[in-house]
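By convention here, the first residue in the shown sequence is residue 1.
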Amino acid sequence: MAEIKYESKIGQIAANDAAVFSVLSNLENINRFRDVIPQDKIKDLEISSDRIRFQVDGSGQKIAIAIVEKEEYKLVKYGAESLPNPLNVWIQLKQVAEMDTRIRITIKTDMPAMFKMMFDKKIQQGLDQAIDMLCQVPYNNM
């Protein structure tokens, strides 16, 4: 096993850091997007302000993701529970102008080097797509 780190591209959000942080630091906001969650792939979704639990279809295992650290307007750190390997996800925010906040996602996990070679491109693409989606959220209207 090796510790692996991935960083997304930097995204730009047309909102201030307080609005973005407010949305990302309360997992209950996922309820607003529940209709776009693929019901055929995600089962038994439970959401609270600091934790979500769900089962990925076919996995037979319930996954929990919890907020483990917050730094107001700058950082929300999530940790995965009940996975065989540790997984942490950081969302970093930096306001560069009044309605201009930059965002980046960082993932750290332990995985065999063989898996890294197999999934490296897909994980990086997924992170960059996640940034694109997060940049489209209407933070000022939530």
How long is the span from the [atom1] atom in [X] to the [atom2] atom in [Y], to the nearest 0.5 Å?
X      : Y      : atom1 : atom2 : answer
Leu93  : Arg102 : CG    : CZ    : 12.5 Å
Ile107 : Asn88  : CD1   : CG    : 10.0 Å
Ser25  : Ile91  : OG    : CD1   : 10.0 Å
Ile123 : Tyr6   : CD1   : OH    : 4.0 Å
Ile105 : Asp128 : CD1   : CG    : 8.5 Å
Ile13  : Thr101 : CD1   : OG1   : 6.5 Å

If we only count heavy atoms from C-beta on, is the [X] to [Y] side-chain gap below 4.5 Å?
X     : Y      : value
Asp44 : Lys62  : yes
Ser48 : Asp50  : yes
Leu24 : Ile103 : yes
Leu27 : Ile67  : yes
Gln61 : Gln55  : no

Kindly work out whether a path of hydrophobic side-chain contacts (I/L/V/M/F/W/Y, heavy atoms less than 4.5 Å apart) joins Phe54 to Leu83.
yes

Transitive ILVMFWY side-chain link Leu127 to Leu134, under 4.5 Å:
yes

Is there a donor-acceptor pair under 3.5 Å between the side chain of [X] and the backbone N or O of [Y]?
X      : Y     : answer
Thr109 : Pro86 : yes
Asn26  : Val23 : no
Lys43  : Gln39 : yes

Keeping to residues at least two apart or across chains, list the ring-ring contact (aromatic ring centres under 6.0 Å, His included) pairs with something in residues 107-142.
none

Pairing residues for Tyr73 by the ring pair (Phe, Tyr, Trp, His ring centres under 6.0 Å) criterion, not counting sequence neighbours:
Phe21

Does either side chain, that of Gln95 or that of Asp100, offer a donor lying less than 3.5 Å from an acceptor on the other one?
no

For Leu75, which fellow cluster members are found when Ile, Leu, Val, Met, Phe, Trp and Tyr are connected by side-chain heavy-atom distances below 4.5 angstrom, either directly or through intermediates?
Trp90

Who passes side chain to side chain contact (heavy atoms under 4.5 Å, CB included) against Asn31, sequence neighbours left out?
Glu28, Arg34, Ile47

Identify whether the distance between the nearest side-chain nitrogen and carboxylate oxygen of Asp120 and Lys122 falls below 4.0 Å.
no

What verdict does the side chain to side chain contact (heavy atoms under 4.5 Å, CB included) test give for Val89 and Thr106, after you've listed the backbone C-alpha separation in whole Å, the side-chain angles of each residue and the deciding distance to 0.1 Å?
CA-CA 6 Å; Val89 179; Thr106 302; over 6 Å; no

Write out all pairs satisfying salt bridge (Lys or Arg N to Asp or Glu O under 4.0 Å) with one or both partners inside residues 74-89, taking only residues at least two apart or from two chains.
Arg51-Glu81

All pairs passing salt bridge (Lys or Arg N to Asp or Glu O under 4.0 Å) where residues 6-26 contributes a residue, at least two apart:
Lys5-Glu7, Glu7-Arg104, Lys9-Asp132

What are the two closest non-hydrogen atoms of Met99 and Asn140, and how far apart are they?
CE-ND2, 3.1 Å

After noting the C-alpha distance and the side-chain angles of Arg53 and Ile63, does the key distance pass the side chain to side chain contact (heavy atoms under 4.5 Å, CB included) rule?
CA-CA 6 Å; Arg53 289 186 179 91; Ile63 298 169; over 6 Å; no

